[in-house]
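Letters A, B, ... mirror the listed sequences (proteins, then strands); counts begin at 1. None of the values given here were measured: they were computed from a predicted structure.
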Amino acid sequence: MPELTSLADAWGLAPAVLAVVGFGVGLGTVFAAVDHVVVTGRPARGAVEPVRGALRWLVQQRRTTAAPDRLLWRIGVVAVPVLAVLSLAVVPIGGRTLLSTSADLVWFNAMETLLWAAVWLIGWGPNAVPALVGGYRFLAQGLAYELPLMLALITAGLAASSLRTTDILAAQADLWFVVTMPVAFAVFLVCATAFAFWGPFAAPAGADIAGGVLSELSGVHRLLVEAGRAVFLGATAAMAVTLFLGGEAGPWLPGPVWYLLKIAVVVVALVGVGRRVPVLRPDRFVEVAWMVLVPAMLVQALVVGLLVLAGAYR
Amino acid sequence: MDLSNRLRQWAMARPRVLIVTTAGNDLLRWHVEAEVARRGWQFALSPADTDILLTIGAIGPELSAAADVLWSQIPQPRQRLAVTGEPVGERLEAALLALGTSSAYQDGDDPATVLSRGKRAEDLMTPGAHGQHDGHDMAGHADHGATGAAADKHAGHDMGGHAGHDMGGHGAAADEHAGHDMGGHAGHDMGGHDMAGHADHGATGAAADEHAGHDMGGHAGHDMGGHGAAADEHAGHDMGGHAGHDMGGHGGHDMHGGEVAGLPMAGTAPDRDGLELDELKVTLGPVLPGWPGGLVLRGSMQGDVLTRVEFSWVDDVDLVPADPAGGVDRRAGALDVLTSFLLVAGWPWAAQQARRARDDLVGIGPARVDRGARAAVVVAARVSRSRPLAWSVRGLGVRGAEVLRTPGGGAVGDVWDRVRRWCEIASGAGTSETDEELVVGLRDLAELVEGAELAAARLIVASFDVRPVPEAKVPASAARGVADA
């Protein structure tokens with residue numbers, strides 16, 4: 001296996017960062033477009049609506065509330081897209097990652113965990129009831145999804161005997177991980193949807209609390225948070241392809257085409273299923289997470305561990 | 001310049017609409033919503049997300065005031081539109097055009113200023129107007145003496161930790177307790193050192209009967225004399241330093257110290273388990289997505305648990321016999337309820353399908369009505385078969401003392417049970433006798449919502465067809481609520 005350098009080493013830091021940001025924005029736009037098409041059932045218009053929506057938020061006035069915690073609010077708003085792009089730093093693009101650390105999976109998980117703080121601050125900042133309730137709902141949801149998500153990430157690392165995403169890709173040269181760890185794949189997607197508080201896990205931004213954490217955001221603030229959320233969901237799809245679906249592996253077509261194709265399939269599947277399910281209330285989901293998902297993931301990790309000992313991944 | 005204008009118009013070409021209306025305008029509202037949806041516009045969830053504020057039908061002074069507050073909360077560019085009849089489409093198009101002109105950028109009041117200045121902002125609270133601090137240790141009471149409606153907003157002195165004195169603050173006006181079972185307060189320790197702190201709302205004249213129903217017997221040894229008469233007392237003071245003191249001495253304190261930007265701060269009160277928790281006075285409605293237009297919920301929130309809940313209609317519409325439910329298509333009415341419910345339940349995709357079916361069902365032309373009828377059957381089947389939805393909402397809002405299990409695993413008379421009945425009606429299979437279970441009086445509704453989490457409370461309200469009906473017409477279960485009061 002040739003020694004892979006990071007994107008930053010290969011292209012220089014600035015172009016590499018730009019490439020990752022562009023990739024992230026592209027992924028987020030695709031996700032938002034697919035989401036819009038599925039929700040409204042207007043395929044022709046769906047593709048341009050995210051662009052129009054973004055422009056609308058740019059035109060719109062920013063607003064404030066009575067006695068907000070302005071600093072913390074702003075920090076939360078800016079943190080969401082920044083964390084989304086940072087989480088992409090360890091997702092391979094063209095076989096290379098922006099950063100190559102020995103603990104890529106931990107990095108990805110860390111970015112997602114910092115999102116707890118960011119979303120809660122967005123709920124806290126405006127000094128308003130619906131937003132605050134939304135912020136607390138996100139924390140409750142976090143208690144449910146965090147552990148299964150960590151176990152799902154670790155299981156992929158376990159099979160590859162490395163936490164580096166490029167190593168995990170290399171380990172799937174013969175067999176995609178989804179074959180031996182379907183539970184981890186499904187749990188990863190479920191939990192990723194939960195940390196992006198989207199679809200069935202949109203309770204923190206629920207219509208019953210007038211949009212929750214999003215309820216007081218307008219203009220560019222709203223754009224930053226919505227974009228960050230979409231980029232996170234796009235990054236999730238890319239990470240799922242990397243960890244479980246063999247990344248660029250595939251016959252006939254060039255690697256990058258396979259990669260984008262797989263991402264598109266994951267996005268469509270995620271939106272198609274996610275929008276056909278109502279919100280799972282956090283207080284009820286937490287029971288499922290702890291009583292079903294965590295044990296299922298432990299069994300999955302055990303099976304993968306035994307396969308590692310049997311030499312199945314070499 | 002021309003390019004930027006055109007870009008702006010393109011950006012605003014699919015505006016988001018916030019609808020302000022009351023019960024009784026259903027047919028007009030459906031027509032407007034159909035026109036809005038047909039243009040690919042969307043419905044806003046909060047003022048921050050709104051481009052066009054749309055009032056439908058004739059609205060009273062209270063709701064107008066609420067709409068004014070909402071308007072102050074909407075970011076520019078924005079347009080305001082009142083629709084009272086045809087031509088709806090042309091009015092909408094005109095508003096859209098105006099959204100691209102300078103009239104959409106007129107100087108308005110700064111939202112924060114309006115919130116601080118106007119007491120109305122607190123009385124008729126809408127999503128954008130909930131600006132209250134939470135999590136503070138100081139008891140904070142705003143002086144709402146100026147407005148009559150504000151009287152029932154006071155409660156919650158933080159006196160919990162003061163030298164063993166458990167002082168539940170019941171600073172509520174008399175009407176807040178109407179219809180409440182006072183047994184709800186029995187959970188907290190009334191023995192020995194308990195003191196109930198009552199704010200006096202002189203402007204409403206309600207203070208006289210305010211103490212009715214409270215057991216004052218346990219207050220021996222404390223001079224409570226200063227409380228009844230002293231209006232606006234105790235606010236914002238750290239009562240910790242006054243432990244063991246004569247409470248009468250606090251009557252002279254000025255209460256404005258407990259405000260932040262003109263908004264009252266949260267205090268504490270015993271929660272549903274009798275623990276002292278932060279308490280925030282909240283108001284839901286009269287304008288809220290998926291909420292009966294004009295309905296107002298006033299209550300206390302501890303965490304996200306609602307207590308001391310009371311419902312009312314703005315502008316006293318319950319005194320005016322509204323357009324009866326029988327006047328509109330029952331199936332379309334059921335789909336309307338389902339639309340709101342599915343929105344509240346966080347299933348926008350299904351909500352949209354229900355709304356489209358409703359719009360077709362009341363549309364013009366037999367082909368369209370046929371299509372609506374078929375779509376109604378499809379969406380009703382999809383909703384009533386949804387296991388995640390059943391799992392998420394069953395067991396909430398159970399009516400009646402006896403809990404009977406249904407074959408589906410829910411309880412008779414819970415939210416899920418009612419949703420399936422609505423689905424039956426929507427698909428044309430319902431019988432007329434199911435109706436009584438689906439209508440609720442405000443007192444009954446308050447009883448069902450008492451002690452529920454905010455999410456559950458919203459689902460419970462959305463599972464009913466809540467509309468102003470003269471109390472006499474409300475079925476037997478509601479009459480019981482009157483007797484309790």
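Neither the backbone nor the side chain of B:Leu342 comes within contact range of chain A; no heavy atoms are under 4.5 Å apart. Proximity to chain A is limited to the backbone of B:Ala345, based on heavy atoms less than 4.5 angstrom apart. Contact of B:Ala462 with chain A is not made at all, since no heavy-atom distance falls under 4.5 Å. For chain A, no part of B:Gln353 is nearby; none of its heavy atoms comes within less than 4.5 Å. In this structure, chain A has a heavy atom under 4.5 Å from the side chain of B:Arg356, while its backbone stays farther away.
Shown here for B:Arg458 and A:Ile209, the closest heavy-atom pair between the two residues is NH1-N, 4.5 Å. The nearest pair of heavy atoms linking A:Val39 to B:Gln352 is O-NE2, 3.3 Å. When all heavy atoms are compared, the tightest approach of A:Ala210 to B:Leu45 is CB-O, 3.4 Å. Here the closest heavy-atom approach between residue B:Trp391 and residue A:Val288 is recorded as CZ2-CG2, 3.3 Å.
In terms of heavy-atom pairs under 4.5 angstrom with chain B, the leader among A:Gly211, A:Gly53, A:Ser218 is A:Ser218. Contacts with chain A were tallied for B:Gly346, B:Pro75, B:Pro388, B:Pro15; B:Pro75 has the most, counting heavy-atom pairs under 4.5 Å. Considering only heavy-atom pairs separated by less than 4.5 Å from chain B, the leading option among A:Val59, A:Val38, A:Val51 is A:Val59.
Put simply, the side chain of A:Gln61 gets close to the backbone of B:Gln76: a donor and an acceptor are under 3.5 Å apart.
Annotation: the span from B:Asp49 atom CG to A:Glu216 atom CD amounts to 11.0 Å, rounded to 0.5 Å.
Of all residues in residues 266-285 of chain A, those placing a non-hydrogen atom less than 4.5 angstrom from a non-hydrogen atom of chain B are A:Arg275, A:Arg276, A:Val277, A:Pro278, A:Val279, A:Leu280, A:Arg281, A:Asp283, A:Arg284, A:Phe285. Using a 4.5 Å heavy-atom cut-off against chain B, the contacting residues of residues 185-207 of chain A are A:Ala207.
With sequence neighbours excluded, the residues that form a side chain to side chain donor-acceptor pair (under 3.5 Å) with A:Glu146 are A:Asn109, A:Trp116. Scored by the side chain to side chain contact (heavy atoms under 4.5 Å, CB included) test, A:Ala230 finds no partners at all (sequence neighbours excluded).
In this structure the side chain of A:Arg56 reaches within 4.5 angstrom of the side chain of B:Arg16, judged on heavy atoms. At least one side-chain heavy atom of B:Met301 sits less than 4.5 Å from a side-chain heavy atom of A:Val133. Looking at heavy atoms from C-beta onward, B:Leu454 lies out of side-chain contact with A:Asp208 at the 4.5 angstrom threshold.
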- Task: Assess whether side-chain contact (heavy atoms from CB on, under 4.5 Å) is satisfied between A:Glu49 and B:Arg14, documenting all intermediate values.
- Result: CA-CA 9 Å; A:Glu49 287 309 321; B:Arg14 303 274 180 276; 3.7 Å; yes
Open item on the list: One pair to check against side-chain contact (heavy atoms from CB on, under 4.5 Å): A:Leu55 and B:Met12. What are the steps and the verdict?
Closed with: CA-CA 8 Å; A:Leu55 205 57; B:Met12 303 307 293; over 6 Å; no
